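All values below were derived from every heavy atom in this structure, side-chain atoms included, with hydrogens, water molecules and symmetry-related copies excluded. Below, chain A is the first sequence line, B the second, and so on; all start at residue 1. It should be emphasised that the depicted structure is a prediction, and the values quoted were computed from it without experimental measurement.
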Amino acid sequence: MIEFILMIITIVSAILALIQKDLLKAAILTGFSGGALAVLFQVLLAPDVALTQAIVGAAIVPVFIALAVKKTQRGDA
Amino acid sequence: MNELIPLMVIVPMMAALLLSAFSRFNKVIKCLALVVGICLPIIPLASNYGLHFFGGYQPMVDNVTNILYHPAITYSFDFMQQIFIAMVGLLTFLVIFIYLTKYKKASGSYLFLLFMGTAAVTALILTDDIFHMFVFFEILALAQVGIVAASSIDYSYEMALKYMILGSIGSPIMLLGIGFLLAMTGTVNVTDIVSIVRGGLLDVTSPVFLLSLGLIFFGWLYASGLPPFHTIKSGIYSKAEPHGAALLQSFTVISMISIVLIMFRIYSTLPIFEVLIVLFSVVAMILGVSMALTQTDFRRMIGFLAVGELGFIGLGIGLGTQYALTAGLFQALNEIVITALLFIGFGAIVHATNEVDTRKLGGLLAYHPKVGIMLLIGGLAMAGVPPLSGFQSKLMLVQASLSCGYPELSILTIMVSIATFVVFVKTFYSMFLSPKPHDLEVVDNEVPKAMVFAMAILLIVIIALGLFPDVVTSGISNYVGGLLL
Amino acid sequence: MRLYDQIFNVVKKFKELFSPGPVTNADVSGSITAEIFIIVSIVIAALLLRHVSLLLAALATLILAIVLINNIPLLPKFKIEQEDSLEKMLFYAVFVLGLIVIFLYWGGTLV
Amino acid sequence: MAETQLAILFTSIALVVIGLYAAIFVDNIIKKIIGISFIEEGANLFIVGIGYKAGGIVPILMPNMNTTWFASNASYPLPYGLVLTSIVIGASTLAVMLALVMVLYRKYGTLSTSVMLADTSKQEEYDE
């Protein structure tokens with residue numbers, strides 16, 4: 001059951017990230033999507049992939065995007 | 001077991017890492033780059049043919065089904081790999097030589113990118129493992145982006161970002177295709193996949209197998225710059241420094257043939273595979289050459305011509321007979337050399353005049369006769385004029401398509417050759433022969449000696465391959481015969 | 001005479017095709033070559049359909065020839081579609097991906 | 001449970017389609033890059049889904065396990081090894097793209113793709 005919830009979280013936060021006007025919120029939602037995917041990998045019996053995805057998808061990628069947003073502009077224009 | 005086979009990848013990769021680590025010591029990295037550059041073409045020539053299993057995991061025989069399984073990442077080294085790796089090694093050496101003589105202060109990170117690209121294509125052509133291929137394909141894309149972004153030409157960052165964004169669509173799609181194949185066969189070793197497909201353990205008409213072909217094919221289109229990626233591929237050639245562009249096009253050609261040979265081994269039982277390749281090759285030839293005819297920036301023009309020539313390689317592989325495959329691979333070898341010569345030669349003109357528009361140039365033959373004549377011979381070789389190497393491979397392609405029962409393709413091939421000739425004559429006329437415009441100042445009268453030296457070496461290769469094509473074609477023909485079994 | 005006028009029109013159209021600056025006769029003749037090359041090569045490529053069906057090849061060749069010659073300044077249209085903007089590149093990449101997938105999924109077993 | 005594997009397939013295809021949609025229709029370059037990174041995630045999820053075995057165990061061989069029982073119950077570990085590499089490649093590609101965007105923002109002052117990455121072949125001639 002939990003895997004279906006995680007899949008829905010992944011897809012919904014991916015869609016939400018793309019319709020945000022504020023890019024910082026989009027970065028955070030990307031992290032949500034990556035984190036949900038990491039837990040999903042754990043449920044799918046791949047703990048090593050889950051660890052990597054948790055670090056990369058839920059921490060590094062959102063931080064990179066947030067840094068890029070900070071160096072450029074926050075609004076979607 | 002031959003220890004030199006993995007060294008072909010490891011040596012440039014280690015050199016790349018060392019160069020970027022010691023980039024503060026200018027003398028050291030210059031010497032190291034030159035020494036490794038000399039080693040690169042020698043290692044494949046000194047090595048024996050054979051297989052190399054990483055980690056020493058020998059193939060295992062399944063006693064029930066009597067099928068051989070390869071648990072290790074396998075490198076297979078044969079005549080075809082030898083000749084292509086040696087050619088890329090030679091080109092890398094020449095490019096590094098030009099780079100080191102052009103700039104007093106060598107940049108460690110730029111040399112890192114050049115060596116990393118060479119290591120990646122060497123691994124691509126050696127590997128027998130479809131995921132290994134994907135990894136090096138990504139590394140190659142990153143190295144190419146770096147080489148483009150490192151140039152000081154206007155708008156190079158934009159072009160690099162465009163290439164990267166298109167690449168980040170193309171490569172996950174290819175990964176998805178590899179995933180489909182893995183889901184059907186349970187292995188990533190190409191030889192194992194081929195034995196499963198040929199052994200009838202797999203329904204080749206199932207939608208999953210067909211979709212895996214489509215998705216890997218799309219990734220291949222991105223790697224080789226056939227349409228719809230021909231605009232970006234010619235764009236990155238025109239935005240890289242000329243010696244970088246000479247290396248970039250060799251990366252493109254080699255990644256194209258190595259991926260298509262893997263696809264050919266897996267999917268050649270499907271007739272639709274050959275239809276797809278011929279279709280995209282024909283479109284590439286038509287669009288590449290017709291776009292080259294309308295360009296005024298000569299770097300962009302050579303870029304489009306290079307894409308158009310890729311269509312010939314695809315045509316040879318799409319026809320699928322032994323003779324046609326040999327012709328296609330021989331054309332690939334010729335194209336690497338000829339296009340490199342053209343990029344370096346036109347780069348010398350850019351260096352001398354700081355001008356890339358053919359309309360603003362003219363009368364350069366009086367200033368740079370050596371470069372002009374070498375460029376003329378290179379252009380004639382690309383168009384397929386008799387004593388040169390381009391003629392031999394194009395003749396083989398025409399004969400191959402005739403003997404396969406496709407005279408239309410022969411006519412098309414000849415027409416594209418003629419149009420290539422027109423492009424080249426037009427450009428050569430307006431750059432070298434037409435009267436010199438008043439406002440053109442020839443800034444630097446000396447063309448760098450290293451560029452002339454590199455062009456001379458490539459010219460020797462072109463003429464030698466044109467006079468004695470059998471040296472290469474008989475070996476490639478044997479290799480192709482092994483593939484078709 | 002209409003065809004002649006059309007071809008003359010092509011030459012005028014070509015001026016817009018090139019970036020600002022003088023347009024030499026070498027460029028214009030190159031463009032006319034490209035125009036003819038596109039028409040002839042597409043028609044010859046359409047002949048390849050005869051391996052599928054002879055009637056289809058004849059029809060396709062005729063229709064293509066008529067359509068292409070009637071729309072004669074083809075090159076500006078071709079060139080606008082192949083410019084350097086990322087939007088067009090991405091559109092064509094995704095479009096071709098869709099075409100390949102559809103072609104293989106439904107037509108893969110037919111050929 | 002075959003439904004889980006089917007759901008994985010649909011999720012990964014949904015991620016790929018979202019990414020392709022973003023590639024064409026989203027104008028902001030950072031959002032476009034975020035969208036494209038979803039394609040990579042979809043491909044990764046699909047490959048992990050191949051190795052998944054419903055009701056199976058994590059493919060780690062503990063000392064007191066029966067190897068035949070392990071072989072018939074563990075999920076297939078080869079795809080997991082591939083996905084590890086692919087995740088790292090995806091992150092590095094994203095980082096390079098964002099770095100290029102930051103450089104280009106300084107030049108154009110906007111994040112709009114239609115301005116930043118438009119056709120440049122004609123502008124060059126004006127500059128010279």
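- At a threshold of 4.5 Å between non-hydrogen side-chain atoms, the residues L23(A) and L111(D) count as touching.
- Only the side chain of I30(D) comes within less than 4.5 Å of a heavy atom in chain A; its backbone stays farther off.
- Taken from OG1 in T52(A) to OH in Y80(D), the straight-line distance is 13.0 Å, to the nearest 0.5 Å.
- More than 12 heavy-atom neighbours from other residues, nucleotides or ligands sit within 6.0 angstrom of OH on Y76(D).
- Contacts between V58(D) and chain A at a heavy-atom distance below 4.5 Å involve backbone atoms as well as side-chain atoms.
- The contact between F38(D) and chain A is made entirely by side chain atoms (from C-beta outward), counting heavy-atom distances below 4.5 Å.
- Counting non-hydrogen atoms of other residues, nucleotides and ligands closer than 6.0 Å to NZ of K21(A) gives a total of 12 or fewer.
- The part of A14(D) that comes within reach of chain A is its side chain, from C-beta onward, which places non-hydrogen atoms under 4.5 angstrom from that chain.
- Taking a 6.0 Å sphere around CZ of F10(D), one finds it holds 12 or fewer heavy atoms contributed by other residues, nucleotides or ligands.
- In this structure, F64(A) CZ and S92(D) OG are separated by 9.0 Å, a value rounded to the nearest 0.5 Å.
- Between chain D and the residues I60(A), I65(A), V69(A), the largest count of heavy-atom pairs under 4.5 Å involves I65(A).
- For K32(D), no part lies near chain A; criterion is any non-hydrogen pair under 4.5 Å.
- Environment of CG in L61(D): crowded, with over 12 heavy atoms of neighbouring residues, nucleotides or ligands closer than 6.0 Å.
- Residues Y105(D) and Q73(A) share a closest heavy-atom pair of OH-OE1, 3.1 Å.
- Heavy-atom distances place both the backbone and the side chain of I8(D) under 4.5 Å from chain A.
- In terms of heavy-atom pairs under 4.5 angstrom with chain A, the leader among I57(D), V101(D), V26(D) is I57(D).
- Ranked by heavy-atom pairs under 4.5 Å with chain A, the first of L15(D), V83(D), L84(D) is L84(D).
- Residues E41(D) and Q53(A) have side chains in contact (heavy-atom distance under 4.5 Å, counting atoms from C-beta outward).
- Taking NZ of K71(A) as the start and CG of L98(D) as the end, the distance is 13.0 Å to the nearest 0.5 Å.
- With rounding to the nearest 0.5 Å, the separation of OG1 in T11(D) from CZ in F4(A) is 9.0 Å.
- Interatomic distance, R106(D) CZ to T72(A) OG1, rounded to the nearest 0.5 Å: 11.0 Å.
- Interface remark: L94(D) contributes side-chain atoms only to the contact with chain A (heavy atom separation under 4.5 Å).
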N/O donor-acceptor pairs under 3.5 Å from side chains in residues 34-46 of chain A, not counting sequence neighbours:
none

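- For V49(A), the parts sitting under 4.5 Å from any heavy atom of chain D are the backbone and the side chain alike.
- For I19(A) against K31(D), the heavy-atom pair with the smallest separation is C-NZ, 4.2 Å.
- When heavy atoms are compared at a cutoff of 4.5 Å, I18(D) approaches chain A by way of both its backbone and its side chain.
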